[in-house]
Amino acid sequence: QVQLVESGGGSVQTGGSLRLSCAASGNTDISYCMAWFRQAPGKEREGVGFIETDGSTSYADSVKGRFAISQGNSKNILYLEMNSLKPEDSAMYYCAAGWSGYCDPMRPWDSFDYWGQGTQVTVSS
């Protein structure tokens, strides 16, 4: 079992920045594909950033060049640096962990085993 707790959400204006954090605890000895997803009201859950066990990253087209996913040295902390935020980035953001080997935006969200409770990001125009 892995427990994930997100933090760092908030309200910003268009063009602003936020950094989300996700603290992992429990059975973190196993290597996972880690990801950030988001879901706005009435919309599908969307994967925005992915990081594989070898450190390789991939992003949804909608956030490329603006968002960056990274891990702390212990790999028990996952970050999402979000820059040049737009109103369409407003959503609940979730941290997720799943088996490694398939770690990109094409992977279905329901194939991830562990989820945090989410942190809200609101971008005003």
Side-chain angles (χ1 to χ4, degrees):
Q1 291 288 327
V2 175
Q3 293 79 45
L4 302 171
V5 179
E6 302 97 335
S7 60
S11 296
V12 295
Q13 293 190 323
T14 297
S17 298
L18 281 174
R19 187 175 80 158
L20 306 183
S21 299
C22 172
S25 61
N27 192 7
T28 57
D29 289 340
I30 298 174
S31 295
Y32 294 97
C33 162
M34 300 297 296
W36 286 97
F37 287 79
R38 66 185 181 187
Q39 189 166 20
K43 294 193 174 181
E44 298 255 332
R45 189 165 295 195
E46 173 191 25
V48 296
F50 297 75
I51 185 163
E52 184 54 282
T53 53
D54 64 358
S56 57
T57 59
S58 58
Y59 300 92
D61 288 344
S62 58
V63 306
K64 275 181 186 174
R66 301 188 298 121
F67 289 13
I69 188 171
S70 63
Q71 288 180 297
N73 290 337
S74 69
K75 295 196 175 181
N76 285 349
I77 297 288
L78 182 72
Y79 300 105
L80 185 68
E81 188 75 37
M82 304 186 295
N83 298 308
S84 302
L85 282 162
K86 306 174 182 179
E88 52 264 42
D89 294 319
S90 297
M92 186 72 79
Y93 282 71
Y94 299 92
C95 169
W99 42 264
S100 63
Y102 181 14
C103 198
D104 64 43
M106 296 303 294
R107 179 170 174 172
W109 68 266
D110 57 359
S111 71
F112 283 79
D113 299 305
Y114 304 105
W115 292 85
Q117 81 290 350
T119 186
Q120 180 68 40
V121 171
T122 303
V123 185
S124 58
S125 57

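Residue numbers count from 1 along this sequence.
At a threshold of 4.5 Å between non-hydrogen side-chain atoms, the residues Tyr32 and Tyr114 count as touching. Within the 4.5 Å cutoff, no side-chain heavy atoms of Tyr93 are placed close to those of Glu6. In this structure the side chain of Trp36 reaches within 4.5 angstrom of the side chain of Cys95, judged on heavy atoms. The shortest distance between side-chain heavy atoms of Leu78 and Leu4 does not fall below 4.5 Å. Counting heavy atoms from C-beta outward, Pro105 and Ser58 have side chains that approach closer than 4.5 Å.
Under the side-chain hydrogen bond (donor to acceptor under 3.5 Å, both in side chains) criterion, Ser111 pairs with Arg107, not counting sequence neighbours.
Between Ala40 and Ser90, the closest heavy-atom pair is CB-O, 3.7 Å. Residues Val2 and Asn27 come closest through the heavy atom pair CG2-O, 3.5 Å.
Rounded to the nearest 0.5 Å, atoms CD (Glu81) and CG (Leu18) are 9.0 Å apart. Once rounded to the nearest 0.5 Å, the distance linking CZ of Arg19 with CG of Asn83 reads 11.5 Å. For the atom pair OG (Ser56) and CG (Asp104), the distance works out to 9.5 Å, reported to the nearest 0.5 Å. Rounded to the nearest 0.5 angstrom, Glu88 CD and Ser125 OG are separated by 10.0 Å. Gln71 contributes atom CD, which lies 9.0 Å from atom CG of Asn76 (distance to the nearest 0.5 angstrom). Rounded to the nearest 0.5 Å, atoms CG (Leu20) and CZ (Phe67) are 8.0 Å apart.
For the pair Thr14 (side chain) and Ser124 (backbone), a donor-acceptor distance under 3.5 Å is present.
Note on Ile51: it does not cluster hydrophobically with Tyr79, by side-chain heavy-atom contacts below 4.5 Å among ILVMFWY residues. Using a 4.5 Å cut-off between side-chain heavy atoms of Ile, Leu, Val, Met, Phe, Trp and Tyr, with links allowed through other members, Trp99 and Met106 fall into the same hydrophobic cluster.
In this structure, Gln117 places its CD atom where more than 12 heavy-atom neighbours from other residues, nucleotides or ligands lie under 6.0 Å away.
Sequence neighbours left out, the pairs with a member in residues 43-59 that pass salt bridge (Lys or Arg N to Asp or Glu O under 4.0 Å) are Arg38-Glu46.
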(request) Please step through side-chain contact (heavy atoms from CB on, under 4.5 Å) for the pair Asp89 and Met82, ending with a clear verdict. (result) CA-CA 9 Å; Asp89 294 319; Met82 304 186 295; over 6 Å; no
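Phe37 belongs to a hydrophobic cluster with Phe50, Met92, Tyr94, Trp109, Phe112, Trp115, counting contacts under 4.5 Å between side-chain heavy atoms of Ile, Leu, Val, Met, Phe, Trp and Tyr, direct or through other members.
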